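Reading through the structure tokens given below for one structure.
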Amino acid sequence: MKITDVKVIVASPGRNYATLKITTDDGLVGWGDATLNGRELAVAAYLRDHVGPLLIGKDAHRIGDIWQYLYQGGYWRRGPVTMTAIAAVDVALWDIKGKAAGLPVYQLLGGAARDGVTVYGHANGADVPELLADVQRFVDAGYRAVRVQTAVPGLERTYGMGGNSTDVTYEPADGALPSEHVWETGPYLDHLPKVVAAVRAEFGYGVHLLHDVHHRLSPIEAGRLGRSLEPYRMFWIEDATPAEDQEAFRLIRQHTTTPLAVGEVFNSIWDCQHLITNRLIDYIRTSVSHTGGITHLRRVFDLAHLYGVRSGSHGAGDLSPISFAAALHLDLAIPNFGMQEYMGHLPPWDEVFSVGYEFADGLFHPGDAAGLGVDFDEAAAERFPYEPRYLPVNRLRDGSMHDW
Ligand code: EZ4
Ligand code: CO
């Protein structure tokens with residue numbers, strides 16, 4: 001089964017997505033997600049100019065060998081652009097293998113280890129009453145887990161908040177240039193425990209609560225936050241501190257029993273080796289599209305399993321439905337699944353993508369179509385051309401750059 005064509009499509013149905021299409025000589029087509037938010041064209045060029053030509057004529061069944069060929073064979077290894085490109089190829093090849101076998105990808109990964117995949121939704125609010133109403137919306141829809149974020153008094157713009165807090169536009173990559181926000185840690189650290197207390201007072205302890213710190217704290221500040229949230233028994237706090245310094249998580253751990261999740265900006269197993277083998281985290285949140293695809297993410301989760309760390313796959317809206325489907329197949333099959341993020345996608349995403357995954361009673365199932373169960377309409381994609389978009393940046397009051 002030889003690869004005959006490799007094509008990259010960059011389109012913006014709701015937001016920018018880079019999509020990889022691999023075709024084989026027996027007419028099978030596989031889809032991969034090559035989206036790297038705010039850097040889409042770099043991955044598209046990497047695939048179009050440097051990877052596509054190398055794949056023509058290769059046996060599409062040899063997923064592991066092609067992975068090593070692109071990783072070891074590329075000499076430079078790792079990095080978000082490379083690993084997103086390799087992920088797109090890997091996921092497209094799993095899609096093809098599933099179609100060739102007539103089986104959904106999760107069956108090729110060993111079959112279902114659970115009935116469905118528990119997801120958490122994103123509840124947001126400009127203030128606590130608005131947040132409570134949004135949490136109610138998820139509870140009513142059957143979600144068993146909800147991420148809670150609010151605006152912070154005194155700060156104009158905050159991660160998790162946007163024009164309309166009840167939809168997924170709160171975090172657009174929103175400008176042709178990055179917009180600039182102002183950040184202050186003090187008000188946030190004082191505010192968040194009150195927010196979570198209010199959610200617990202309203203909803204009790206029957207729903208899992210999560211929160212995303214988005215890399216904004218120092219390790220000792222994260223320790224303080226984790227400790228102040230202990231009475232409310234969070235499922236996790238996410239990305240409490242930047243993790244280029246993996247050892248920094250030991251400092252957080254020394255101060256709190258609040259579970260820790262991290263990993264959405266990681267792109268290889270080497271970014272979390274120390275975190276996992278030293279048991280410094282509880283959930284590893286690397287994503288299928290930024291961490292080398294199903295092949296590599298499965299290695300990350302297998303390493304994590306050895307050390308009692310569970311999966312927590314990133315599932316934001318800038319990961320396309322192809323990535324979300326791929327994540328669901330892996331989530332369903334691994335022994336140490338923890339939680340899957342589900343942010344949803346902005347209309348008119350469904351004019352371009354059609355999906356087989358389904359939600360019921362708090363759980364997603366990837367469906368039983370052969371392959372990933374996702375289709376991409378190339379003609380429809382042409383109606384939504386690429387638009388330059390960037391995530392915001394944060395500065396402190398004195399103008400210093402800070403993590404957004
Ligand atoms: O800001 O995926 O947990 N979810 C997140 C996301 C990230 C985006 C960045 O592209 O933190 O919303
Ligand atoms: Co996050």
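Everything numeric in this text was worked out from a predicted model, so none of it was measured. Each residue takes its place number in the sequence, starting with 1. Numbering of ligands and ligand atoms starts at 1, following listing order.
- Aromatic pair Trp404/Tyr390: ring centres not closer than 6.0 Å.
- Taking the six-membered ring for Trp and the full ring otherwise, the centers of Phe235 and His211 sit at least 6.0 Å from each other.
- Here is the list of ligand 1 atoms found below 4.0 Å of a heavy atom in Asn37: 9 (C), 10 (O).
- Nearest-heavy-atom check against atom 6 (C) of ligand 1 across His122, His314, Glu238 picks out His314.
- Tally of protein N, O or S atoms closer to the Co ion (ligand 2) than 2.8 Å: 3.
- The Leu391 neighbourhood of ligand 1 comprises atoms 9 (C), 10 (O), with distances under 4.0 Å to a heavy atom of that residue.
- Set against the non-hydrogen atoms of Arg285, the atoms of ligand 1 under 4.0 Å away are 3 (O).
- Crowding of Asp115 atom CG: a count of heavy atoms from other residues, nucleotides or ligands under 6.0 Å not exceeding 12.
- Relative ring orientation between Phe324 and Phe364 is described as perpendicular, the plane-to-plane angle rising above 60° on a 0-90° scale split at 30° and 60°.
- Residue contacts with ligand 1: Trp404 is placed with no nitrogen or oxygen under 3.5 Å of a nitrogen or oxygen of the ligand (distance criterion only).
- When each atom of ligand 1 is checked for a heavy atom of Ala316 under 4.0 Å away, the hits are 2 (O), 6 (C), 12 (O).
- Counting non-hydrogen atoms of other residues, nucleotides and ligands closer than 6.0 Å to CZ of Arg77 gives a total above 12.
- With ligand atoms numbered from 1 in the order given, ligand 1 contributes 3 (O), 4 (N), 5 (C), 11 (O) to contacts under 4.0 Å with heavy atoms of Asp212.
- Atom OH of residue Tyr17 and atom CG of residue Asp33 lie 8.0 Å apart, to the nearest 0.5 angstrom.
- For Arg144, the CZ atom is densely surrounded, since the number of other residues' heavy atoms within 6.0 Å is greater than 12.
- With sequence neighbours excluded, no residue forms a ring pair (Phe, Tyr, Trp, His ring centres under 6.0 Å) with Phe337.
- Of all atoms in ligand 1, listed by their number and element, those nearer than 4.0 Å to a heavy atom of Glu264 are 1 (O), 3 (O), 4 (N), 5 (C), 6 (C), 7 (C), 11 (O).
- Under a cutoff of 6.0 Å and an axis angle of 45°, Arg216 and Tyr188 do not form a cation-pi pair.
- Under 4.0 Å from ligand 1, not a single heavy atom of Leu319 appears.
- For the residue pair Thr291/Asn267, the side-chain donor-acceptor check at 3.5 Å is not satisfied.
- A cation-pi arrangement, defined by a distance under 6.0 Å to the six-membered ring centre and an angle within 45 degrees of its axis, is absent between Lys21 and Phe376.
- When only interatomic distances are considered, the shortest N/O to N/O separation between Tyr120 and ligand 1 does not fall below 3.5 Å.
- Between the side chains of Ser320 and Trp349, no donor-acceptor pair of N or O atoms lies under 3.5 Å.
- Numbered from 1 in the order shown, with element, the atoms of ligand 1 that lie under 4.0 Å from a heavy atom of Glu341 read 3 (O), 4 (N).
- For Arg147, every heavy-atom contact with ligand 1 shorter than 4.0 Å involves the side chain, none the backbone.
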